[in-house]
Q: 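Quick one: the structure is below, and I'll ask about it shortly.
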Amino acid sequence: MKVLYITEAVVGGGRAGHGRTSDGRFAVELSVPKELGGEGGPGTNPEQLFAVGYAACFHSGLLSVARGRKLDASDSTVTAHVAIGPTGHGGFGLAVSLDLHAPNLSRVDAEYLMWRAHALCPYSNATRGNVDVALCVDGTQIGESDLTKNKGGNNHEQDRTSGASHTQG
């Protein structure tokens, strides 16, 4: 992989601590949710941070593909639901649901964009095979696509020929 960008964050105190990026642009207080045995304090938690990062990156990929296909994804949003729970093997795991709301797209175009974004997004590529990710349009899960059956859905040839940019999150 050719590295285009590196960021750095430092956390002290774990889930009930404080995090910050080395460039000083982002600092956050962390709290453990009551559901995980914490006090449910005013801070955020890693799952919330992951949800924002994944949704932002995924939506950027989707918008890029939409532009390349000349589809109107304006006013669209992606909502990420991130769940955490025991795996049954002594550890914890995550599950994600990504939900697209795109009022200017047909259902067919919206589903297509979800599959293409899932094939391109670095978060999707990082989690593929490790985290269950459900793709939805307006709250309804979409079925499996041939795009994801291709060793992780990384066949970008179709979007390369469409002129779509591949800059994500």
Q: Keeping S60 on the side-chain end and A56 on the backbone end, is there a donor-acceptor pair under 3.5 Å?
A: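 Yes; judged by distance alone, with no hydrogens or angles, the pair exists.
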Q: CG of D138 to CG of D99: how many Å apart, nearest 0.5 Å?
A: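 Rounded to the nearest 0.5 Å, the CG-CG separation comes to 6.5 Å.
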Q: Looking only at non-hydrogen atoms, find the nearest pair between L120 and V65 and report the distance.
A: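 Smallest interatomic distance, heavy atoms only, reads CD1-CG2, 3.3 Å.
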Q: From R25 CZ over to T7 OG1, what is the distance, rounded to the nearest 0.5 angstrom?
A: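 Spacing of CZ (R25) from OG1 (T7) equals 9.0 Å.
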Q: Look at the side-chain heavy atoms of Ile, Leu, Val, Met, Phe, Trp and Tyr, link any pair under 4.5 Å apart, and say whether V131 and F92 land in one connected group.
A: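 In one cluster: yes.
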Q: To the nearest 0.5 angstrom, please state how far the CD atom of E8 sits from the CG atom of D23.
A: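 The CD atom of E8 sits 9.5 Å away from the CG atom of D23.
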Q: Would you say that P42 contacts E29 through its side chain, given a criterion of any heavy-atom pair below 4.5 Å between the two side chains?
A: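 Counting from C-beta outward, P42 and E29 never come under 4.5 Å.
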Q: Please report the interatomic distance SG(C121) to CG(L62), rounded to the nearest 0.5 Å.
A: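 Going from SG on C121 over to CG on L62, the span is 10.0 Å.
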Q: Taking C-beta and beyond as the side chain, do S31 and E39 meet within less than 4.5 Å on heavy atoms?
A: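 The answer is no, as the side chains (C-beta and beyond) never meet within the 4.5 Å cut-off.
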Q: How close do A80 and A55 get, heavy atom to heavy atom, and via which atoms?
A: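 For A80 versus A55, the nearest heavy atoms are CB-CB, 3.9 Å.
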Q: Does S97 use its side chain to pair, donor to acceptor, with the backbone of H81 at less than 3.5 Å?
A: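 Judged by distance alone, no pair lies under 3.5 Å.
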Q: Where is the tightest heavy-atom contact between C136 and M114, given as atom of each residue plus distance?
A: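 For C136 versus M114, the nearest heavy atoms are O-CE, 3.5 Å.
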Q: With rounding to the nearest 0.5 Å, note down the distance linking OG1 in T140 to CG in L135.
A: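 Taking OG1 in T140 and CG in L135, the distance rounds to 13.0 Å.
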Q: Please confirm whether the backbone N or O of V28 pairs with a side-chain atom of H18, one donor and one acceptor, at under 3.5 Å?
A: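 Confirmed, H18 side chain pairs with V28 backbone.
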Q: If hydrophobic clusters are built by linking Ile, Leu, Val, Met, Phe, Trp and Tyr wherever their side-chain heavy atoms come under 4.5 Å apart, do L98 and V52 end up in the same one?
A: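 L98 does not cluster with V52.
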Q: Less than 4.5 Å apart, any side-chain heavy atom of L30 and any of L49?
A: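 With C-beta onward as the side chain, the pair touches.
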Q: Less than 4.5 Å apart, side chain to side chain, heavy atoms only: is that true for V133 and F58?
A: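 Sidechains of F58 and V133: no contact.
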Q: Find out if a path of hydrophobic residues (ILVMFWY) with successive side-chain heavy-atom gaps under 4.5 Å connects L63 to W115.
A: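 Not linked; separate clusters.
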Q: In the single-linkage hydrophobic clustering (I, L, V, M, F, W, Y; side-chain heavy atoms under 4.5 Å), do V108 and L100 co-cluster?
A: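 No, V108 and L100 fall in different hydrophobic clusters.
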Q: Are any of the side-chain heavy atoms of V96 and Y54 separated by less than 4.5 Å?
A: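 Yes, side chains in contact.
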Q: Closest approach of G61 and A117, non-hydrogen atoms and distance?
A: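 G61 and A117 have their closest heavy atoms at C-CB, 4.2 Å.
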Q: When you measure from the side chain of R128 to the backbone of H118, do you find a donor-acceptor pair of N or O atoms at a distance under 3.5 Å?
A: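 Here the side-chain-to-backbone pair exists.
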Q: Working to the nearest 0.5 Å, report the span between CG of N45 and CD1 of I84.
A: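 Rounded to the nearest 0.5 Å, the CG-CD1 separation comes to 8.5 Å.
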Q: Would you indicate whether the side-chain heavy atoms of F50 and T127 approach each other to under 4.5 Å?
A: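 Yes. Closest side-chain heavy atoms under 4.5 Å.
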Q: Test of understanding: clusters of I, L, V, M, F, W, Y form through side-chain heavy atoms closer than 4.5 Å, transitively. Do Y5 and M1 belong to the same one?
A: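 Y5 and M1: separate clusters.
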Q: Near D132 CG, under 6.0 Å, is it more than 12 heavy atoms from other residues, nucleotides or ligands?
A: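 Check fails, neighbour count at 12 or below.
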Q: Is there a donor-acceptor pair closer than 3.5 Å between any side-chain N or O of R107 and the backbone N or O of V137?
A: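 A pair under 3.5 Å: yes.
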Q: Under the criterion side chain to side chain donor-acceptor pair (under 3.5 Å), I'd like the reasoning laid out for T79 against H101: C-alpha separation, chi angles, the key distance, then a yes or no.
A: CA-CA 8 Å; T79 301; H101 174 69; over 6 Å; no
